[in-house]
Engineer: 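The structure under discussion is supplied below as structure tokens; questions concerning it will follow.
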Amino acid sequence: MPIVFEALNEFNSSIEEIKALLKLASEHEHLSYSAILKSAILLLSAKTETFQENILNEYIEKINALKLGKDIPPELTRQHLIYKIKQTKQLTEKLEKSTKKQVTHKDDSDSMVAEFIGLSEQLSEQLKDNVTEIDRLKIPISFDYGEHGAKPVKNLFSLIGIANVFDMLNLMSVDLSSINMKEKFNTFTALRNTIIHRDEASDLSMKTVNDYVTIMTLFASEIAELLTIWLVFTDRKRRAV
């Protein structure tokens with residue numbers, strides 16, 4: 001059965017919304033034209049970031065569906081354990097605060113203690129004998145608030161073991177090999193920030209928006225292809241064991 005990412009289908013549908021805005025812009029006078037083009041850039045920015053979060057979360061779900069256990073790729077295991085450790089740490093801090101205040105209801109306190117014990121036991125079991133077996137990966141995939149551009153994109157993909165997504169895409173994609181995607185993300189973000197923070201973009205043209213739509217659509221398609229390859233490789237490796 002072919003691997004299908006719903007996140008890609010949703011992104012491609014959202015691109016049609018942006019194209020509808022561009023069609024509307026071409027039919028209006030300068031003031032409305034500029035406003036619609038700026039809206040299109042902001043919508044494309046939001047949709048591109050949402051796509052990346054959605055497809056990586058979907059990738060994690062597809063990895064979980066393979067039931068890899070101790071054969072989960074090391075980087076995913078590491079991120080899962082980091083998340084569990086952070087959970088335990090946060091719960092420890094919460095328990096310490098509630099103890100100091102001495103105002104926590106007994107039921108709430110008992111619930112936190114039980115949760116803490118459960119998380120601790122999970123970590124102990126998963127780290128026992130240096131063999132980590134995980135029933136279900138849990139890795140929070142989301143951009144940090146206020147972070148945009150190439151660096152946050154790179155950081156996001158590093159959560160699933162892709163150290164430099166831009167280099168990886170340049171290597172595997174003929175269409176992207178001649179495009180500096182890192183630079184494109186940074187110039188696109190600079191344009192987005194100019195619109196949001198200064199409401200400036202008087203020289204924004206239909207061609208500029210169309211170019212970014214084309215680039216981000218290609219980026220989304222190649223990301224889906226990259227993740228498909230990783231899933232197929234992981235599955236074949238599992239079957240070979």
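Owing to the predicted nature of the structure, the values given are computational and were not obtained by experimental measurement.
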Engineer: In Å and rounded to the nearest 0.5 Å, what is the CG to CG distance from N180 to N170?
Structural biologist: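 So the gap between those two atoms works out to 7.0 Å.
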Engineer: Between the main-chain N or O of L231 and the side-chain N or O of D235, is there a donor-acceptor pair closer than 3.5 Å?
Structural biologist: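 A pair under 3.5 Å: no.
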Engineer: Quick one, I160 with I63, criterion side-chain contact (heavy atoms from CB on, under 4.5 Å). Give me CA distance, side-chain angles, the key distance, then yes/no.
Structural biologist: CA-CA 11 Å; I160 65 162; I63 288 287; over 6 Å; no
Engineer: Could you tell me whether the side chain of E147 and the main chain of F143 form a donor-acceptor pair under 3.5 Å?
Structural biologist: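 The answer is no, because no donor-acceptor pair under 3.5 Å joins these two groups.
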Engineer: Would you find a donor on one side and an acceptor on the other, under 3.5 Å apart, between the side chain of S45 and the backbone of I41?
Structural biologist: no
Engineer: Quick one: are E10 and K47 in side-chain contact, heavy atoms under 4.5 Å?
Structural biologist: no
Engineer: Please examine the side chains of Y59 and I141, heavy atoms only from C-beta on, and report whether any two atoms are closer than 4.5 Å.
Structural biologist: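 Not in contact.
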Engineer: Does a side-chain heavy-atom distance below 4.5 Å link I179 with L169?
Structural biologist: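 Contact flag for I179/L169 side chains = no.
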Engineer: Please find the pair of heavy atoms, one from A7 and one from E58, that lie closest to each other, and give the distance.
Structural biologist: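 Looks like N-OE1, 3.0 Å.
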Engineer: Parallel under 30°, tilted from 30 to 60°, perpendicular over 60°: which one fits the rings of F219 and F157?
Structural biologist: perpendicular
Engineer: What's the shortest heavy-atom distance between K154 and A163, and which atoms?
Structural biologist: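 Here K154 and A163 meet closest at CE-O, 3.3 Å.
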Engineer: Can you see whether S26 engages Y33 through a side-chain donor-acceptor pair at a distance of less than 3.5 angstrom?
Structural biologist: no
Engineer: Check this for me: E17, atom CD, are more than 12 non-hydrogen atoms of other residues, nucleotides or ligands nearer than 6.0 Å?
Structural biologist: yes
Engineer: Quick one: pull up CG in L191 and CG in L44 and give me the separation to the nearest 0.5 Å.
Structural biologist: 10.0 Å
Engineer: Working to the nearest 0.5 angstrom, can you tell me the gap between F5 CZ and F51 CZ?
Structural biologist: 8.5 Å
Engineer: Is there a path of hydrophobic side-chain contacts, each under 4.5 Å between heavy atoms, that joins L37 and L42?
Structural biologist: yes
Engineer: Report whether V232 and L68 are members of the same hydrophobic cluster (ILVMFWY, side-chain heavy atoms less than 4.5 Å apart, transitive linking).
Structural biologist: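 Yes, same cluster.
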Engineer: Using modelled atom types only, decide if a donor and an acceptor are shared between the side chain of E75 and the backbone of L159 within a distance under 3.5 Å.
Structural biologist: no
Engineer: Take F166 and K184, measure what side-chain contact (heavy atoms from CB on, under 4.5 Å) needs, and give me the verdict at the end.
Structural biologist: CA-CA 11 Å; F166 301 115; K184 290 295 182 182; over 6 Å; no
Engineer: For D175 and S178, work out which heavy atoms get closest and say how close.
Structural biologist: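 Minimum heavy-atom separation between D175 and S178: O-OG, 4.1 Å.
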Engineer: With a sphere of 6.0 Å drawn around NZ of K62, does it hold more than 12 non-hydrogen atoms of other residues, nucleotides or ligands?
Structural biologist: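 For K62, atom NZ is crowded (more than 12 foreign heavy atoms under 6.0 Å).
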Engineer: Is the side chain of Q52 donor-acceptor paired with the backbone N or O of V153 at a distance under 3.5 Å, no angle test?
Structural biologist: no
Engineer: How close do S177 and V174 get, heavy atom to heavy atom, and via which atoms?
Structural biologist: OG-O, 2.7 Å
Engineer: What distance separates L176 CG from L171 CG, expressed to the nearest 0.5 Å?
Structural biologist: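 It is 11.5 Å, given to the nearest 0.5 Å.
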Engineer: Got a donor-acceptor contact below 3.5 angstrom from the E222 side chain to the S173 backbone?
Structural biologist: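 Looks like no, no N/O pair under 3.5 Å.
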Engineer: Quick one: CZ on F185 to CD on E49, what's the gap to the nearest 0.5 Å?
Structural biologist: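 So the CZ of F185 and the CD of E49 are separated by 8.5 Å.
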Engineer: Under the side-chain contact (heavy atoms from CB on, under 4.5 Å) criterion, do D211 and K207 qualify, and how do the steps go?
Structural biologist: CA-CA 6 Å; D211 286 348; K207 182 182 183 307; 2.7 Å; yes
Engineer: Verify, without hydrogens or angle tests, whether T208 (side chain) and L204 (backbone) share a donor-acceptor contact under 3.5 angstrom.
Structural biologist: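 Side chain of T208 to backbone of L204, a donor-acceptor pair under 3.5 Å: no, none is there.
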Engineer: Looking at D167 and K182, does any basic side-chain N land under 4.0 Å from a carboxylate oxygen?
Structural biologist: no
Engineer: Verify, without hydrogens or angle tests, whether N186 (side chain) and A150 (backbone) share a donor-acceptor contact under 3.5 angstrom.
Structural biologist: yes
Engineer: Please give me the minimum heavy-atom distance between F11 and T217, naming the atom from each residue.
Structural biologist: CE2-CA, 3.9 Å
Engineer: With clusters defined by side-chain heavy atoms of hydrophobic residues (ILVMFWY) lying less than 4.5 Å apart, directly or transitively, does V4 cluster with L227?
Structural biologist: no
Engineer: Are the side chain of S158 and the backbone of N155 linked by a donor-acceptor contact shorter than 3.5 Å?
Structural biologist: yes
Engineer: Do side-chain atoms of S221 reach the backbone of L218 as a donor and acceptor pair under 3.5 angstrom?
Structural biologist: no
Engineer: When you group the ILVMFWY residues by side-chain heavy-atom contacts below 4.5 Å and let the links chain together, are Y212 and I196 in the same group?
Structural biologist: yes
Engineer: Rounded to the nearest 0.5 Å, what separates atom CG in L43 from atom NZ in K38?
Structural biologist: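 One gets 15.5 Å once the value is rounded to the nearest 0.5 Å.
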Engineer: Give the minimum heavy-atom separation between L8 and A224, together with the two atoms involved.
Structural biologist: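 What the structure gives for the nearest pair is CD2-CB, 3.6 Å.
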Engineer: Can M168 be reached from I229 by stepping across I, L, V, M, F, W or Y side chains whose heavy atoms are under 4.5 Å apart?
Structural biologist: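 Hydrophobic grouping puts I229 with M168.
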Engineer: Quick one, L56 with I223, criterion side-chain contact (heavy atoms from CB on, under 4.5 Å). Give me CA distance, side-chain angles, the key distance, then yes/no.
Structural biologist: CA-CA 10 Å; L56 290 186; I223 285 296; 5.7 Å; no
